[in-house]
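To keep things clear, I will list the structure first and then write my remarks on it.
Side chains are part of it too, since the values below use all heavy atoms of this structure and drop only hydrogens, waters and symmetry mates. Residues take their numbers from the sequence shown, with the count starting at 1.
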Amino acid sequence: MSDSWQGPGARDPQGASTGSGWGQQARPSEQGQQPDRAPRQGRQQPYPARDARQQPYQGHRQERHAYAHPPRQHVHPHPHPPEQAHQAEPRTESAERAEAPEAQTSAPETAAPEVDAETSGSRRQARRRARGKDGVRDGARDGARRRRRRRGGLLKVVAFCVVTAVGSLILLRGNELLDRLGTPTAPDKAAETPAPEPPDPGRVLQVIAHPDDDLYFMNPDLRYSISAGSPVTSVYLTSGEADGINAGSAKAATTKPDKPAYAEARQNGIRAAYAKMATGDRGSPWTRTVVPTKGGGHAEVDVLMAKPQVNLVWLQLREAGTVYETAPNSLHGLWDGKIPRLDSMLASGTPVKQPFSYSKDQVVQTLVGILEQYRPTTVRSQDPTPGRYPDTKRYTDHQDHFYGARFVQLATAAYAKDVTDRPHFAVQNYAGYINGSLPSALDPDEAKEKLDILGTYAWLDRQNHCNSPAGCGDLKISDQPGGNRWSDSINYARGTSTNWLTSDAQQGLWAFKVLDGQVAVWHRAGPAGRWKGPDLLPGTGMDPGVSTVTLADGRTAVFGTRTSFGAKPTDYRREVVHAVQKQPGAEQFTEWQSLGTPETADENWTSDISAPAVSVDGTGQLAAYVRDGAAGLRGRVQQPDGSWGPWEKYGGTDLHGSPATATDGAGRRMVFAATSKSVVGWTQPTPGAPLGQVTATGLPDTTLPLTADGREGGVRLWFRKPGSGNVRTALITGEGGLKVSQMTDLGGLQGFGSVTASGHLLAGRTAGGQLGSESGSGRPWERSPLLFVGAPSSTMTGKGLVSLAVVGLDARLYVTSSADVPNAHLAPWQPVGPRNAPPSLPSPVSPTSPASGPAPAAP
């Protein structure tokens, strides 16, 4: 191994990596080439709000404290001085405990009666001088009585302020208050207050099939992570050599095929794109090193010298060379056992010189070794079950994409099971080619940023900035760098549910997310309890994204999907499962119970079922609905004796994403699903009756995730405007059939993905990737500093409080609350539990830059 390698080993204080590779002795590296320095830095500033009802987002004033809020109405129990900023960064529990005594004593220090006492004292002295000696005794007695009354009033004011503040703190942050009450002695004001622990940016590992899959299908998440300083590593399974022709359509017929050279050109393009995202300079140099893998082969590891937290890992296996057709010498063929080993396809410029081949198990072990080395808290992967087109039965995505994702599933399962000294990790899956058939999810500015990075990868200017005879980018996509409208969109294949946070009758909070392939539970008992978790429910193989529902008896039921592999390749299977609290408020849940799947075999639709949408109607009847592989709605209804009916067909065509369901004021269940052109719905004519026929709502086209909530006598939907990111809403009523009214554009901070809604609060991902929130009609949206996995979730806690939660890129739960009134603001974010890093890993680690997604260059 080269001494200059700054790879994924232990890191020095400046963030440079040191240490050895993943196995035996490594070989010397080749230095990356020095390229041009001209390209501009990518935009880092927040995006202005577009809706006319909003004020442009002004960002945080740097001189303000980063952990506080601006003054508004006294609608929230955490008062802050006027000089503090309005949006809070995550706070550690130790930092909040350090601040607690000062917060508890702030009311007496600022109470108005103190000022009145000083003023009245001066007046008393003047009156005494005017009265003379005869009035001294009477004046003294009167003054004493007035002072006693004044002190009594002051004590009442102070007591009221303290009780109010403490009561509110109990309601919102039980853990911290309990710790504070355990140490009542006020600290010396002159004592040095420890600085708050900075939030962990998380460590992201992306695994993709081809070079450029990340740029097409995982951006802008990739760019957000790099900009935020998260350590990101992108792992490319294949070389993406295709037919070996690095040329646009005009020169393809006259260009000689050269697969190793084309693979090198794609590597050069990826390095340029990542360098531009990380530094603004596509020519920023890299260190390139050979590293032995746990699977017995060798990988090339590239480290961006200016940002050593950005790593690229090239496994350089052979690609399928075809999207749909049978290709035994491929990841698909290796998975199915049609070949015993898959050969490498080494790029012409790689420092790896010795060819190798992997068995199926060796590919899995290679990925496990990479996971062990980088210890990610977020794993990004492509969609392992993309489905088929109903008319042609062809895959909706490249076979390398989804079989590569299945290898990632096997590897993460083995890593979670066998490696104990590791942090928790969350998984995010991304849709691929199907994005070109769906409404555009990105606003024009974000789409342009994404296209600019793709233009760097495509080597549009043809300048030889990399000094490589193979070329500095992928000319195969240079005619149309945006692909099939892929640069306009990003969609999560799983994990879009917004009802994974729920409250119980005692105002306790429960959060459920998938970590390490198991459902993690965080729990706060009552309004003043101490947060616990994450505790992992027994049972592995859980897919990202779960939903909760409160049953008629007050128990919470948790629904999701589970993947199992079996002994044979054909045993790959996904099924709907659920677990139920053993009694209301209990921390014990039943074992996972299977509801099966409407798909009879993986070969039919690649096990393509959505996450379940669940609701309870006015009779207490529980039902679960999924979109099946044929793009229709299927569902099962629980019977009075607790058994479940069969998977019923409810019709619908061209359904995408996951359905959404809620119950209206009359107890009727409604179900909704997005199509590529609109939204369709179903409703019960009366509670307890079967769903009626599918009905067109007449709503305009919308991006995929829908959120439904019963309110205002009907069910309100939230969704996003295509090509904008603005949040829209409409009220659906079910009396006499579905009727749509009050279609409104609520604006926002652009962005994409799911929107959560509870009470007056709306929240969702903004342009830039942070969480944006709005809690009153007509007021500006606010932006928090948190980057997060999947979707946010919110719930009403009692009648006057709304709680909001996300899971950060560090796989840690963050919660906040707000009074449920217009113009309220969010409390500081509270991280739950310890920082998510094993003792042997420095925390925080120096940032790394990632990349991953499906490739359009692969034919």
Residues forming a side-chain hydrogen bond (donor to acceptor under 3.5 Å, both in side chains) with N499, sequence neighbours excluded: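 Testing N499 for side-chain hydrogen bond (donor to acceptor under 3.5 Å, both in side chains), a comparison that skips the adjacent residues, returns S497, S547.
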
T797 and L509: side-chain contact (heavy atoms from CB on, under 4.5 Å), yes or no, with the steps? CA-CA 8 Å; T797 309; L509 288 174; 3.5 Å; yes

By ring pair (Phe, Tyr, Trp, His ring centres under 6.0 Å) - contacts of H523 (at least two apart):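 Once residues adjacent in sequence are excluded, the partners of H523 under the ring pair (Phe, Tyr, Trp, His ring centres under 6.0 Å) criterion are W510.
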
Those residues that, when tested against F788, pass ring pair (Phe, Tyr, Trp, His ring centres under 6.0 Å) (two or more places apart):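 Applying ring pair (Phe, Tyr, Trp, His ring centres under 6.0 Å) to F788 gives none.
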
Can you check whether H424's main-chain N or O pairs, donor with acceptor, with N836's side chain at less than 3.5 Å?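 Yes, N836 side chain to H424 backbone: donor-acceptor pair under 3.5 Å.
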
Backbone N/O of V427 and side chain of R494: donor-acceptor pair under 3.5 Å: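 Side chain of R494 to backbone of V427, a donor-acceptor pair under 3.5 Å: no, none is there.
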
Exercise: do T663 and R669 side chains pair donor with acceptor under 3.5 Å: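 T663 vs R669: no donor-acceptor pair found between side chains.
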
For the residue pair R711 / S758, report whether a side-chain donor-acceptor contact shorter than 3.5 Å exists.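 There is no such pair (donor and acceptor under 3.5 Å, judged by atom type) between the side chains of S758 and R711.
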
May I have the step-by-step check of side-chain contact (heavy atoms from CB on, under 4.5 Å) for E446 and R223, ending in yes or no? CA-CA 10 Å; E446 289 281 27; R223 180 166 57 85; 2.4 Å; yes

For a side-chain contact (heavy atoms from CB on, under 4.5 Å) check, start with the C-alpha distance between L451 and I453, then their side-chain angles and the critical distance, and finish with the verdict. CA-CA 5 Å; L451 186 60; I453 297 302; over 6 Å; no

S437 vs S676, test: side-chain contact (heavy atoms from CB on, under 4.5 Å). Steps then yes/no. CA-CA 7 Å; S437 305; S676 60; 5.8 Å; no

With a cut-off of under 6.0 Å to the ring centre and 45° to the axis, is R765 in cation-pi contact with F752?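 Checked: cation-pi criterion met.
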
Residue Q742 excluded, over 12 heavy atoms near CD under 6.0 Å: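 Atom CD in Q742 is crowded, with more than 12 foreign heavy atoms closer than 6.0 Å.
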
Any Lys/Arg nitrogen of D709 or R716 sitting under 4.0 Å from an Asp/Glu carboxylate oxygen of the other?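 No, no charged N to carboxylate O under 4.0 Å.
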
Which distance, rounded to the nearest 0.5 Å, do you find between the OG of S817 and the CG of L801?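 Between S817 OG and L801 CG, I get 5.0 Å after rounding to 0.5 Å.
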
